[in-house]
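Just so we're on the same page: letters track the sequence lines, and every chain starts at 1. In this text the structure is predicted, and so the values were computed from the model without any measurement.
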Amino acid sequence: MSAPAAAAEGARARRLTEWVYRVRELGIVVALAVLIAVTAAIEPRFIETDSLRNLALNASIFAILAVGQTLVIVTRNVDLSVGSVLCLSAYLAGDLLSGNQDLPLPVVFALGIALGAACGLFNGLLVTWGQVPALVVTLGTLYMFRGLAFLWTDGRQVNAETLPDAFLNLGSDSILGVPILVLFALVVLLVTGQWLRDYRAGRELYAIGSNPEGARLAGVRSERRVLTAFVLAGALAGLGGVLFTARFGTVDATAGFGYELTVIAAAVVGGVAIFGGTGSVYGAALGALLLGTITSSLIVLRVEAFWQQAAIGALLLVAIAFDRLVGLRVDAALRRRSARRAG
Amino acid sequence: MQAETATQGTPPAAAPAPPREGATRLRAALGRWEALLIGLIAITLIAGSALSEEFLTADSFTTGSLDLSEVALMALALTLVIVAAEIDLSVASMLALSSALMADLWNRGLPLELIMPICLVAGALCGAFNGFLVTRLGLPSLAVTIGTFALFRGLAYVVIGDESVTDFPATWTDRGFGNFAGTFIPNTIVLFAILAVAFAVVLHATPFGRSIYAIGANQEAAYFAGLRVKRIKLILFTLSGIVAALAGIVISLRNSTAAANVGQGFELTAITAVLLGGVSIFGGRGTILGVILALFLLGAIQKAILLSESISSYWIQIVTGALLVGSVLGPNLARRVSEMRRRHAHQHPLEEGQ
Amino acid sequence: GETQEDQGSSSSSSSSESSGEADPNAEIPKGLKTVSIPKQLGNPYEEFEHSGIDEALEELGGSNRISGPTEASASSQISIINAAVQQKPDAIIIAGNDPGAVAPALKQAAQRDVVVVGMDSDVAPDARSVFVNQVTTQLVGENQVESIGKQIDYKGEIAILSATANATNQNAWIKVMEETLKKPKYKDMKLVKTAYGDDDDQKSFQETQGLIQAYPNLKGIISPTTVGVAAAARYLSTSPQKGKIKLTGLGFPNQMRKFVKNGTVDEFQLWVPKDVGYLAGQAAAALVAGRITGKEGEKFTAGRLGEYTIGANGEIVLGPLTTFNAGNIDDFDF
Amino acid sequence: MIELRDAAKSYGAVRALHDGNLSLRAGEVRGLMGENGAGKSTLVKVLGGVVRRDTGEMLVDGAGVDFHSPHDARDAGIAVIYQEPTLFPDLSVAENVVIGYHPLGAMKRIDRRAMHRQVQGLLDRLGVRLDPERPVRGLSIADQQIVEIAKALSFDARVLIMDEPTAALSGPEVERLFGVVRTLREQGSAVLFISHRLEEVFTICDTVTVMRDGAVVHDAAIADITPDELVRRMVGRELTALFPKQDTKVGEAVLEVHRLTREGVFFDISFEVRAGEIVALAGLVGAGRSEVARAIFGIDRPDAGHAEVAGRRLPPGRPLAAMRAGIGFVPEDRRQQGLVMDLSIARNTSLTRMRSLSRGGLIRSSAENSLAREWAARLQLKFHRLEDSVGTLSGGNQQKVVLAKWLATDPKVLIVDEPTRGIDVGTKAEVHRLMSELAGQGVAVLMISSELPEVLGMADRVLVMHEGRLTGELSRAEADEENVIRLATGQHAEAA
Ligand SMILES: Nc1ncnc2c1ncn2[C@@H]1O[C@H](COP(=O)(O)OP(=O)(O)OP(=O)(O)O)[C@@H](O)[C@H]1O
Ligand SMILES: Nc1ncnc2c1ncn2[C@@H]1O[C@H](COP(=O)(O)OP(=O)(O)OP(=O)(O)O)[C@@H](O)[C@H]1O
Ligand SMILES: [Mg+2]
Ligand SMILES: [Mg+2]
């Protein structure tokens with residue numbers, strides 16, 4: 001074919017792919033905008049800075065967890081144990097601080113994250129070295145870690161009362177109007193996003209999820225990468241735990257109960273393919289924000305509390321169905337183009 | 001290699017003699033996994049009776065099995081779904097929806113005899129909905145059923161809200177709670193037994209069941225062999241819905257309470273039972289017998305820990321989780337070790353280790 | 001909901017059919033063994049309560065064992081009950097997760113003459129001999145409404161932040177609050193919404209925030225659950241409405257102290273949980289000994305708490321709510 | 001530069017490779033020839049560190065080495081193009097090429113500009129126009145192959161190994177590839193080139209190694225060997241002996257295909273197969289033959305056209321219907337499509353017959369076993385126990401099970417796609433005998449094969465496809481290597 005034609009086709013291809021890669025995030029942003037607009041139309045106070053601030057606040061911890069989950073899902077694995085890991089780290093942080101009010105906070109964070117990472121390492125080793133399917137492993141550790149949390153707390157609870165204000169303020173204060181919690185989430189999001197996008201290790205996670213055997217033939221050190229993904233996911237769950245304590249002050253053995261499905265839901269709504277290879281942490285974070293916003297707006301709209309869960313489920317289904325249809329259309333388009341090229 | 005040499009020259013017709021065949025079939029029926037489970041059960045029974053003299057009693061069996069009856073029912077259908085290499089996380093939510101429907105219709109004054117069929121139909125519809133999204137839209141069942149997990153539970157609340165209906169006629173609630181004709185075997189377990197047999201026959205002895213294995217082991221090959229892959233999967237999800245709805249009826253009668261919040265977290269317990277029963281999460285492998293044994297094991301462990309004055313009930317979760325992981329990890333490691341030995345002995349392919 | 005009420009009244013008679021005559025000065029046997037079953041392990045409030053049971057039984061030379069489910073669901077509580085019954089204790093003391101669901105299991109206990117005492121959150125009356133109520137439903141409702149009314153000088157919109165949507169005691173209290181608000185004294189107060197925090201800190205926090213956005217003119221919030229009131233207080237303390245929107249409810253001094261001191265909360269109320277358990281323990285012992293049978297009007301002395309009388313439906317009431325405020329809060333540590 | 005001595009590798013029962021002796025010198029282009037299943041790819045995988053050899057040794061620059069992963073091989077400067085695609089559909093073309101070795105910029109970040117420049121350069125070198133930013137998903141087989149090649153050239157390897165790189169390429173693309181190979185040779189790299197096409201080997205290679213039944217059987221300078229000798233050494237016996245197709249009286253048309261079309265894959269395909277006749281569908285890999293077969297059997301829905309069996313029109317996209325109408329389909333990919341590896345021999349055999357084997361809805365395992373045993377005997381299957389999973393069988397015997405599965409339905413039409421791919425010579429002959437027997441019994445056989453000798457030996461008629469179109473039909477008399485290749489590579493225009 002002639003050069004200009006090719007160039008044109010190239011351009012089209014570029015536009016198409018750009019679209020494919022961005023559309024999910026766009027989709028959610030639009031959905032969010034609509035949701036907020038509608039809610040605001042009925043209840044203007046919903047878009048007062050104070051309330052928007054709260055939306056971001058509520059979403060930030062879930063966003064952090066969703067980012068971690070994305071790392072794992074992208075490699076064709078899954079981590080069901082996030083909720084339990086979060087609980088462990090949350091209680092650790094609370095326990096340390098109520099034991100010793102003036103423990104330097106960085107230390108607390110470090111320890112909380114370390115504990116999470118350790119749990120992630122445990123999961124990761126079982127998956128890579130033990131060759132046990134991630135679903136089985138993390139379903140098991142979901143129970144084990146939770147049980148350990150119960151054993152450890154043994155009915156005790158950490159109260160805001162016993163925690164240093166400096167720490168609790170992390171959960172409520174803002175810097176230049178942006179809640180500190182949200183800043184945490186943003187930093188995590190951007191760092192991870194960059195890592196996935198601009199570093200070999202990150203790209204290889206996608207390769208592994210996209211074609212495991214191919215990754216092996218291409219000399220990608222799959223096991224090591226998958227292990228990394230699990231450790232990072234664990235560490236982020238740990239961070240989430242510490243922040244959970246900072247925000248809610250009260251922690252007992254039931255903290256983060258049932259989070260796993262919500263977090264996966266957030267990632268999936270955000271366009272992370274459950275079978276790996278595609279999806280971005282930004283999408284996942286937006287997904288978390290969208291789910292949080294729905295809950296809040298349904299409350300504000302005085303919708304019976306009972307509808308909330310149903311709405312979230314429906315949204316999730318719409319999201320994946322939408323993904324699927326877009327995916328099919330794009331595949332068809334790409335195939336037709338390459339066929340033209342061949343013929 | 002051995003395979004080749006073993007039959008070199010011998011005409012295949014003469015290969016396996018009928019008696020040996022029977023033996024092998026028996027061995028197949030009680031495969032390594034089932035043996036493992038039986039071993040674990042034995043250990044649990046011993047440990048349990050050491051922990052409490054109350055453990056090895058008809059009572060323990062009655063109450064212990066009652067506690068698990070709904071999970072057990074759902075595990076049966078779930079086994080088929082997972083053998084077909086799919087998954088259904090929405091079972092507990094369908095159970096709740098069925099219970100909620102039951103409550104609502106009862107409040108509207110319908111007779112139970114009419115309500116129950118309606119609940120089953122509702123369950124079938126929910127299951128079919130899952131199946132539709134998976135087979136027609138080609139969505140991954142994991143994602144779909146996470147969605148319907150929330151959707152169905154939500155609908156349950158929409159139907160009955162915060163109410164809980166507790167005034168079902170004693171004749172029915174007794175059926176739910178009572179034992180079978182003066183034995184120490186709860187009615188719910190009799191129901192389970194009947195279904196278990198039915199499911200076992202379907203899965204292990206019918207073309208349908210055979211198709212499920214083929215699909216689970218290699219969907220493409222199954223399709224190339226002319227099997228109706230999509231339709232079969234649709235049926236499986238529908239079945240899962242019906243059984244979940246049945247479990248919803250059972251739990252409502254057994255607890256003489258119907259509400260939207262029943263059975264939270266049952267889905268994970270049921271999946272645990274299925275996987276512990278030796279069903280491969282990747283499909284194509286596993287038996288109903290294994291799942292039944294796994295359920296028994298879980299029940300026994302739970303009972304033992306509850307009855308012991310010394311061990312706190314937190315341990316139930318820890319032990320369950322450890323078992324789940326260990327049951328898959330153990331064989332893997334064993335295989336790895338033996339392979340390493342073989343390779344060192346007479347140079348075997350690295351590849352198969354992975 | 002409705003249906004529960006129905007059952008309550010319908011079976012009120014059956015509650016007092018426990019056989020035999022009460023013998024007020026019967027001996028309390030030594031070495032009493034009881035099992036106490038909280039709604040959920042790891043809930044500090046219940047830990048306080050049940051420590052009271054321990055205290056009572058030690059006092060009487062017996063012993064109590066706490067055994068509960070890891071999540072607050074009826075079905076898991078049933079397994080616990082079944083196991084407990086098998087251990088043949090003298091009495092089971094239970095805070096029910098669901099009045100109906102646990103009833104069949106408890107009746108089995110009664111059949112093996114294990115005494116069943118309900119506490120804190122009642123179970124079907126025909127499934128237990130007596131129910132130890134921290135306060136009457138009536139009192140909670142009235143006291144709480146009065147407490148918030150006082151703070152907003154009986155004018156304006158109020159909302160309720162409850163626990164789970166089908167928590168027996170919560171719903172009963174809310175009912176009474178609605179009744180109370182009908183009284184002329186409270187005619188200018190309007191209950192605009194009942195939200196459910198599921199006794200989950202984050203949910204309660206989010207619900208509070210939702211309420212305040214949804215109802216601009218909200219004046220006061222009643223949160224008759226310790227988790228809820230703490231979460232609500234924490235939200236208010238960091239929001240511009242701090243001090244403007246009044247908050248009362250049932251909370252722990254230890255959880256609420258800082259909010260009382262920093263002016264987010266003027267006052268809140270509660271009974272002393274430990275005493276609830278203590279009373280339940282005493283009642284159980286009295287039942288086992290045969291000092292009482294659970295009939296209305298029977299009297300017994302509950303150790304340090306003095307004499308109590310069994311009311312209708314075999315209900316024993318600890319007493320009115322204690323109100324905590326800046327003045328007295330430092331006298332309490334739980 | 002790199003040398004393999006007495007390397008051996010078995011997959012369970014299959015001895016894929018033994019007496020693997022091969023050495024590559026700098027500036028040498030060596031051809032590796034051998035029938036399907038001769039062990040070429042296995043040897044390649046050993047060199048590439050994908051598969052660990054069971055015995056033997058490997059030398060790089062005279063020093064013994066032991067690759068534990070493809071990574072090690074790559075670090076040793078060995079680039080490999082594998083036969084099966086190793087691409088990542090979700091990643092862009094550029095990333096597929098440089099995966100794991102992205103050019104890095106500041107702070108070890110991936111330098112996308114450099115990446116695209118590099119990949120664009122490679123693609124230009126190969127003279128193809130592909131957008132580096134486009135995802136690989138949906139690329140044609142040919143384009144996928146190009147990406148594979150670019151991947152192998154993406155770093156300056158001292159040794160380049162290519163397992164059938166030209167299989168899916170058309171004339172010009174092949175020429176470009178050869179250009180690249182020649183420059184590499186000038187730069188002193190060593191190249192191992194695998195292909196089934198004699199003419200390619202004779203154009204590009206300096207030396208040639210021949211494999212048969214897993215062993216290296218001959219090693220010569222290209223100058224010292226004639227095509228005929230090469231083929232003889234590959235096959236190990238005279239061609240004609242291999243393909244015992246006796247002429248049978250040809251009956252009515254059983255399978256008729258009318259203007260079958262599938263967007264972007266094949267177009268306007270019409271032909272018929274008569275009872276007792278073996279029709280071969282020849283063409284290069286990627287020509288669309290398998291897709292045609294799939295469409296006939298109802299695996300894929302055609303966009304236009306239809307197929308008829310004995311005059312009855314088949315509903316589109318309904319394998320079961322095709323089956324009931326009497327079509328048997330032995331698919332191309334035995335492992336993925338032909339068999340359920342985990343299931344036993346018996347169960348695989350009965351998969352197509354379950355209904356008729358069951359009474360009262362229950363499968364009678366006695367009937368099942370006797371069926372399996374009967375066919376095992378008729379096809380002379382080598383097996384241990386009928387309960388063993390087919391995965392334990394050798395490639396050839398697995399193929400026999402697939403055949404048994406379909407013959408058990410006694411089909412009117414049998415479609416076989418690459419029936420002898422990866423099957424040892426002995427079994428291969430049996431399969432051929434079987435096919436002509438079937439034809440003798442009046443079955444209409446449609447055979448897709450990439451192996452010319454097989455096509456020429458077996459077929460009564462040869463249909464040739466090129467890029468999704470039927471480019472010609474040759475009677476047994478007309479059909480010779482040259483004609484078929486010409487049509488398959490789309491040169492019929494010039495010829496006419
Ligand atoms: N992963 C595997 N497991 C078991 N057997 C295998 C595997 N891969 C190849 N084989 C067998 O090893 C033998 C050699 O296969 P190989 O792919 O090396 O042949 P080849 O020369 O590359 O054939 P082709 O020309 O078709 O590529 C064949 O009999 C094949 O069936
Ligand atoms: N995985 C795929 N991705 C994209 N296109 C494909 C794929 N498989 C087949 N095609 C398209 O279908 C066409 C024919 O492929 P097919 O495998 O049917 O050819 P074939 O002649 O059967 O070759 P083979 O001998 O390998 O079977 C290819 O040219 C390609 O355009
Ligand atoms: Mg090959
Ligand atoms: Mg083909």
Point to revise | B:Leu268 portion near chain A, given a 4.5 angstrom heavy-atom threshold | key: both

**Study point:** Considering all heavy atoms, the nearest B:Leu151-A:Ala310 contact
**Key:** CD1-O, 3.5 Å

Exercise for review: Taking B:Arg153 for its side chain and A:Gln309 for its backbone only, find out whether a donor-acceptor pair lies under 3.5 Å.
Suggested key: no

Study note, to complete from the structure: From the list A:Ile320, A:Val268, A:Ile274, side chain to side chain contact (heavy atoms under 4.5 Å, CB included) with B:Pro140 holds only for A:Ile274

Point to revise | Interatomic distance, A:Arg324 atom CZ to B:Leu137 atom CG [nearest 0.5 angstrom] | key: 8.0 Å

Review point. Checking heavy atoms, do the side chain of A:Leu139, its backbone, both or neither come under 4.5 Å from chain B?
Key: both

Revision key, fill the gap. Minimal heavy-atom distance between B:Ala150 and A:Gly313, with the atoms involved, is CB-CA, 3.7 Å

Check your understanding: When rounded to the nearest 0.5 angstrom, what distance separates CZ in B:Phe149 from CD1 in A:Ile312?
Key -> 11.0 Å

Study note, to complete from the structure: Greatest number of non-hydrogen atom pairs under 4.5 angstrom with chain B, of A:Leu135, A:Leu328, A:Thr141, falls to A:Leu135

Exercise for review: Drop me the distance from B:Gln317's CD to A:Phe145's CZ, to the nearest 0.5 angstrom.
Suggested key: 13.0 Å

Exercise for review: Verify the neighbour count for atom CZ of B:Arg285: are there more than 12 heavy atoms of other residues, nucleotides or ligands below 6.0 Å?
Suggested key: no

Review point. Can you tell which of B:Leu89, B:Ile316, B:Val158 has the highest number of heavy-atom pairs within less than 4.5 Å of chain A?
Key: B:Val158

Review point. Is atom CH2 of A:Trp307 surrounded by more than 12 heavy atoms (other residues, nucleotides or ligands) closer than 6.0 Å?
Key: no

Review point. Any idea which of B:Leu142, B:Leu155, B:Val159, B:Val319 has the most non-hydrogen atom pairs under 4.5 angstrom with chain A?
Key: B:Leu142

Revision key, fill the gap. A:Gly130 and B:Asn332 have their tightest heavy-atom pair at O-ND2, 2.9 Å

Point to revise | B:Leu133, part contacting chain A, at a heavy-atom distance under 4.5 Å | key: side chain

**Study point:** Which portion of B:Thr272 sits near chain A, non-hydrogen atoms under 4.5 angstrom
**Key:** both

**Study point:** B:Leu333 versus chain A, the contacting section by heavy-atom distance below 4.5 Å
**Key:** side chain

Practice item. State whether the side chain of A:Tyr143 and the backbone N or O of B:Thr269 hold a donor-acceptor pair below 3.5 Å, judged by distance alone. Key: yes

Point to revise | Among A:Leu325, A:Leu315, A:Leu142, A:Leu317, residue most engaged with chain B (heavy-atom pairs, under 4.5 Å) | key: A:Leu317

Exercise for review: Check A:Gly140 against B:Val325 and note the closest heavy-atom contact, atom names and distance.
Suggested key: CA-CG2, 3.9 Å

Exercise for review: Please check if atom CZ in B:Arg108 has more than 12 non-hydrogen atoms from other residues, nucleotides or ligands closer than 6.0 Å.
Suggested key: no

Check your understanding: Tell me, side chain or backbone of B:Leu275 under 4.5 Å from chain A's heavy atoms, or both, or neither?
Key -> side chain

Point to revise | Atom group of B:Phe282 that falls short of 4.5 Å from chain A, counting heavy atoms | key: side chain

Point to revise | Contacting region of B:Leu323 [heavy-atom separation from chain A under 4.5 Å] | key: neither

Revision key, fill the gap. Separation between CG (A:Leu148) and CH2 (B:Trp315), nearest 0.5 Å, reads 7.0 Å

Point to revise | Per-residue contact mode, A:Asp323 against chain B (heavy atom under 4.5 angstrom) | key: neither

Point to revise | Among A:Val137, A:Val132, A:Val136, the one residue meeting side chain to side chain contact (heavy atoms under 4.5 Å, CB included) with B:Leu324 | key: A:Val136

